[in-house]
Amino acid sequence: MDNGIVQVTFSVPEGYVTGIRFNGLDNILDVTNRISDRGYWDIASASNPDNDDPDEISVVGGSFKIISQTPDKAEISFVCQQTKSLPLQADIRYVMLQGSSGFYAYAIFERQKGSPPLNVDQIRTVYKLQPDKFRYMAVSDKLQRLMPMLQDRETGQPLAYKEAVLLTRPTNPKIKGQVDDKYQYACDDKDNKVHGWISTDHGIGMWMITPTDEFRMGGPLKQDLTSHVGPTMLAMFHSTHYAGPDLIMKFKDGEPWKKVFGPYFVHLNSLPGKGDPNMLWQHAKDQMLKETASWPYEFPMSLDFPKANQRGSVAGRLLVNDGAKATPANVGWVGLALPGDAGSWQYEMKGYQFWIQTDRDGKFLIKNVHPGTYNLYAFVPGFIGDYKSASIVTVAPGKQVSLADQVFTPPRSGQTLWEIGIPDRSAAEFFVPDPRPDLTNPLFLHDNENKYRQYGLWDRYTDLYPKQDLVYTVGVSDYQKHWFFAHVLRRVGQIYEPATWQIVFPLKEVVPSGNYTLHIALAGATLSELQVRVNNPDVKSRPVFTTLLIGRDNAIARHGIHGIYRLYSIGIKTDSLKTGDNTIFLTQSRNKEMFRGVMYDYIRLEGPSASPRKLLQEL
């Protein structure tokens with residue numbers, strides 16, 4: 001495919017992208033790789049649902065077809081037929097427009113009725129660039145740097161988590177002693193719009209632009225990979241990253257399914273002479289805004305991709321009632337996803353999702369929605385819990401659904417006695433330690449916003465609390481300074497022991513038969529069991545509450561500040577409380593592996609509504 005600006009070469013009928021020619025470079029892709037390992041789609045799946053170790057299977061076309069060829073546009077198709085090892089069909093499409101500096105790609109994945117069972121862990125596109133030319137990576141305004149080479153990882157020292165490597169003999173001596181890990185450059189899907197690589201010697205950038213999240217899964221806060229050492233550039237459509245097995249796409253025997261992933265845009269830009277990375281990045285962001293404004297595209301020829309006039313919209317207003325009066329939800333998140341329970345959108349992956357933030361008046365307009373039936377879901381920073389509309393929302397082509405005011409009533413059973421943190425589904429507001437000096441990525445050393453991305457921070461807990469676990473005193477302690485960002489295990493010699501944290505708080509009186517509730521919102525969990533005890537330090541005794549075993553998001557080990565959100569509302573019996581100082585003991589009891597732990601989003605104790613000021617001692 002050639003439009004006079006970019007030339008893209010494919011293998012036929014497989015559909016591998018074997019070459020990209022642009023601005024004097026004969027091939028931007030890594031010519032030392034075999035042709036099946038330069039630009040391709042693949043799936044991590046298991047045709048046996050009992051198999052916990054999925055295979056990575058390349059989506060290989062068995063037939064090729066020119067769908068459209070005019071002076072303004074060309075679209076081609078590579079079809080991968082259903083097989084025993086991969087019981088689904090994929091129609092991979094590539095589109096090139098006249099005058100466009102790049103090309104588009106999308107795919108229609110389909111299972112016919114009667115197909116055998118299948119588990120899908122991951123669907124993605126991968127591009128591998130020339131390693132000697134593309135050394136500078138940009139993921140966001142702050143996450144940009146000259147990257148190590150793949151051989152630097154191969155000669156480095158593997159660290160405790162397999163993707164992390166200490167660079168001991170890098171080709172560039174300036175980066176010796178640094179840590180590299182692809183998960184340090186992951187981001188929320190809501191922010192994953194543009195990323196890529198720059199050849200500073202040639203003044204060329206190659207960018208992955210994803211103008212919408214509608215075909216991704218897990219909602220706007222789902223995290224995923226972007227670009228990483230290789231140089232590798234990804235388009236992630238489906239994965240279990242930062243979520244775990246709960247996001248495995250499981251198809252039953254005979255279950256049909258169809259979904260369109262994309263289009264995304266592979267954009268190429270250039271500057272005269274040696275390229276200024278900042279200028280190329282800014283131009284890539286400008287192009288991303290143009291692509292976003294053009295969504296949904298009008299050029300895809302597949303009938304499975306609805307154009308703008310084949311889509312609908314949903315308008316309304318979201319209010320929050322956390323007391324006597326409902327008020328507008330300012331910058332709350334509102335979304336449409338397949339019908340389910342409140343919060344089920346976190347685990348939904350087979351359909352489409354459409355999310356937007358409300359304005360200061362709580363108003364929202366969700367545009368370009370596929371026709372179908374949905375629930376309206378919402379969550380609002382500053383409040384715990386999830387909202388789900390009472391009725392199904394049906395979207396029809398070319399129609400706007402105008403909803404009555406949606407009133408979200410967050411969980412509450414009494415007045416707030418004390419609280420720790422900010423209810424925003426993240427642990428970012430808590431204390432994040434400095435990394436060990438010999439295990440750093442300098443990109444994050446002076447960036448408090450991204451400090452949590454440093455390697456090995458879980459182990460810093462033991463350095464801060466070598467003999468006694470964390471004790472937080474309400475009214476004295478500051479959660480930004482004294483509440484560690486992750487409730488992890490404490491290292492004792494070569495063994496990792498369960499850690500029990502304490503929250504000490506005073507009560508002036510305990511109201512007999514009063515209703516006391518402890519809300520614990522978790523921002524993430526990995527193979528953990530959180531146990532709660534009140535005024536009882538015996539970790540072997542029966543807890544007031546236990547989550548049992550929860551979580552496989554690996555957010556702590558993979559430098560995330562959140563994973564899957566969970567909320568627990570725990571009734572506290574009055575006979576377990578006392579006048580004066582009280583202590584809540586929080587124990588993460590599972591310690592089989594060092595990376596087990598939870599991250600808190602927010603903790604709040606509520607008491608009886610009557611005379612709340614008498615309940616809490618003046619501090």
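No hydrogens, no waters, no symmetry mates; every other heavy atom, side chains included, goes into these values. Model, not experiment: these values are computed from the prediction.
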What pairs with [X] under side-chain hydrogen bond (donor to acceptor under 3.5 Å, both in side chains), at least two apart in sequence or on another chain?
X      : value
Asn441 : Arg145, Gln184, Tyr185
Ser227 : His195
Gln346 : none
Arg552 : none

By the ring-ring contact (aromatic ring centres under 6.0 Å, His included) test, which pairs, at least two apart or in different chains, include something from [range]?
range            : answer
residues 214-236 : Phe215-Phe237
residues 136-155 : none
residues 433-456 : Tyr455-Trp458

Within residues 65-77 or reaching into it, pairs that qualify as salt bridge (Lys or Arg N to Asp or Glu O under 4.0 Å) - sequence neighbours excluded: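 Salt bridge (Lys or Arg N to Asp or Glu O under 4.0 Å) check on residues 65-77 returns Glu75-Arg93.
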Applying salt bridge (charged side-chain N to carboxylate O under 4.0 Å, His left out), name anything that partners [X], two or more places apart in sequence or on another chain.
X      : result
Arg453 : none
Asp30  : none
Asp601 : none

Regarding [X] and [Y], is there a side-chain donor-to-acceptor distance under 3.5 Å anywhere?
X      : Y      : value
Glu291 : Ser294 : no
His370 : Gln310 : no
Asn269 : Trp207 : yes
Asp42  : Ser58  : no

Please output the side-chain donor-acceptor pairs of residues 154-161 that fall under 3.5 Å, not counting sequence neighbours, one pair per line with the distance.
{"from": "Thr155", "atom 1": "OG1", "to": "Gln151", "atom 2": "O", "distance (Å)": "3.1"}
{"from": "Thr155", "atom 1": "OG1", "to": "Asp152", "atom 2": "O", "distance (Å)": "3.3"}
{"from": "Thr155", "atom 1": "OG1", "to": "Arg169", "atom 2": "O", "distance (Å)": "3.4"}
{"from": "Tyr161", "atom 1": "OH", "to": "Asn554", "atom 2": "ND2", "distance (Å)": "3.0"}

